[in-house]
Number of protein chains: 2
Amino acid sequence: MAARKDGPSLWERLERPTPTPRQTLSPRRIAATAVAVADAEGLDAITMRRLATELGVAPMAAYRYVSGKDDLLELMVDHVYAELELPSGTAGWRETLREIALSTRRLMLRHLWLAQLPAGATLALTPNRTAVSERSLAALAEQGVDPDTAMAVAATVSSYTGGMTGAEIAMRQVMAGQGWSDEEEVYTSLAPQLTYLLDTGRYPAFKRYIFEGRRKKDPDWQFETGLEYVLDGIAARMTSSPPMSPRDDAVRREDETGRQDRHETEGS
Amino acid sequence: MAARKDGPSLWERLERPTPTPRQTLSPRRIAATAVAVADAEGLDAITMRRLATELGVAPMAAYRYVSGKDDLLELMVDHVYAELELPSGTAGWRETLREIALSTRRLMLRHLWLAQLPAGATLALTPNRTAVSERSLAALAEQGVDPDTAMAVAATVSSYTGGMTGAEIAMRQVMAGQGWSDEEEVYTSLAPQLTYLLDTGRYPAFKRYIFEGRRKKDPDWQFETGLEYVLDGIAARMTSSPPMSPRDDAVRREDETGRQDRHETEGS
DNA sequence: TCATCTTGTATACAACGTATCAGTAGTAGA
DNA sequence: TCTACTACTGATACGTTGTATACAAGATGA
């Protein structure tokens, strides 16, 4: 502490690892690194300190770019939503919404930690997430659907998608933690909690599904079945009540919208 | 440290506050207390220490009853699901599923922290949560729906319900944090984040909703509209493909099922 | 050359979840 | 009535976490 104001000696200077090329950090790099860690080890591995070591930087360094951990999580969400491939644009509303739903599910399965986020964080209004909503709303507006209905429809599909996929991921992780195989010895190697529940006899219909369900191991079928229900229900209303003010001039062309020229956080 | 083995003196004994009536704790009391705190101050207020002081007990005391904080959260979830009023049983599947969805939404709005839980915890298989699934599955089985389809239907509705209500709660909290009033000065007092997004011009359909949406402040309408879509879509499939093996003997009566004689965590 | 801005670093702290162990009130045998 | 036992609660402590604050070193512009 004595030689503080004298500056470092020559030897100290020589020993200093690298003259730290400035600007080693950026929101992009931070997001990409955090996402890589979360993909590999789950959301619990995301720690400001862990992130710092992964970036090769002091624990507090990232705070120049994110105001705190919540910010970091938002950044991560936006970063991965840039991956989501949006349908090209000429298909009808139904095909558009369907493809967005399937893409979203694939995205969540690729980044399981998305399902571990508190419900609020998943819904944060980040640029790339908003682009997805925009695509859905635009497809509906093009059909002449009024804004309120369009939002209700889009919210319905995306709620279904998020909820269903979240449940699928939770189930997967329980099964992985339990070391289940792929076959039908479900009951014998059941999680103790579940065994207890079923044996109370209070859940016969649930039990029947566990024993007799054939599609238990087919999450694709489950997801797509439910998705068709939802889309069918929407379609019924769309055709029964004729579209209001089709080609309203307030409906912008969406060629100019969407994802080209995206926000900072992009690519991977 | 000297008089350790002599035991407390008479005066010490007299001074001891209460001779601690045994069994001050129980899972019920723990759950009820934790729920009360979370209801009043949000999930972040739930701390093992805070819980302990609220119970008037040492920080580690609760660990005799829950193995850790995750356990505590599960206990809380189960505790509040005991509140959920299940439909009485004679209505058709559609009315049953509809009422369960509405009840679930009301429950979540009463306990906003349910939406803050990581997606996995909300789906934990607790007795009272399973009772809700059971009720849906039973209503469908009674109609002769096979177990796989019944589960797909039930999962669809509950995914929709959880996702939609979670989004509603997140929105509410953003609005509350921003101090919005009830009227149409939406854009001027908009959250800065949202203002920025809209001004990029990349989200015209989204922007149109913000400016022209009439039902923005009507979450009941939004929820029920989407719910009808979902139920309509299910109904279409149910009638088009005739039920298989109606009154199959594997379909138990559900008079005996459901929620009477519930698990430990009950009431409030 | 010097002041200023930017960017990463060092240190520190309060709060958290929880392991461990000690104490103590009730119960059961003698 | 005494003693041993058991079930429960309390105290203490440790490692980790998010983050406030103050500082230093490279970059920049006069």
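Please read these numbers as outputs of a predicted model, since none were measured by experiment. Throughout, protein chains are lettered first and strands after them, A, B, ... in sequence-line order, and every chain is numbered starting at 1.
For the pair A/D70 CG and D/dT17 P, the interatomic distance rounds to 17 Å; values are reported in whole Å. When rounded to the nearest whole Å, the span between NZ of A/K69 and C1' of D/dT16 equals 11 Å. Here C/dT7 presents its P atom at 14 Å from CZ of A/R29, a figure rounded to the nearest Å. Protein atom CG of A/D71 is 14 Å distant from nucleotide atom C1' of D/dG18, rounded to whole Å.
The distance from the CG atom of B/L75 to the NZ atom of B/K69 is 14.0 Å, given to the nearest 0.5 Å.
Counting heavy atoms from C-beta on, the side chains of B/R50 and B/V37 come closer than 4.5 Å. Under the 4.5 Å side-chain criterion, counting only non-hydrogen atoms from C-beta, A/Y196 is not in contact with B/L125. Side-chain contact between B/M76 and B/L73: present, with at least one pair of heavy atoms (C-beta onward) separated by less than 4.5 Å.
Residue B/Y65 forms a side chain to side chain contact (heavy atoms under 4.5 Å, CB included) with just one option from B/L72, B/I30, B/D71, and that option is B/I30.
Looking only at atom types and distance, the side chain of A/T126 has no donor-acceptor partner in the side chain of A/R129 under 3.5 Å away.
Taken residue by residue, residues 54-64 of chain A places heavy atoms nearer than 4.0 Å to DNA chain C at A/V57, A/A58, A/M60, A/A61, A/R64. Taking every heavy atom of residues 44-52 of chain A and every atom of DNA chain D, pairs under 4.0 Å involve A/I46, A/T47, A/M48, A/R49, by number.
Under the rule for a side-chain hydrogen bond (donor to acceptor under 3.5 Å, both in side chains), A/T47 has no partner lying at least two apart in sequence or in another chain.
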Can you check salt bridge (charged side-chain N to carboxylate O under 4.0 Å, His left out) on A/R105 and A/E168, steps first, answer last?
-> CA-CA 10 Å; A/R105 173 163 173 262; A/E168 176 184 343; 2.9 Å; yes

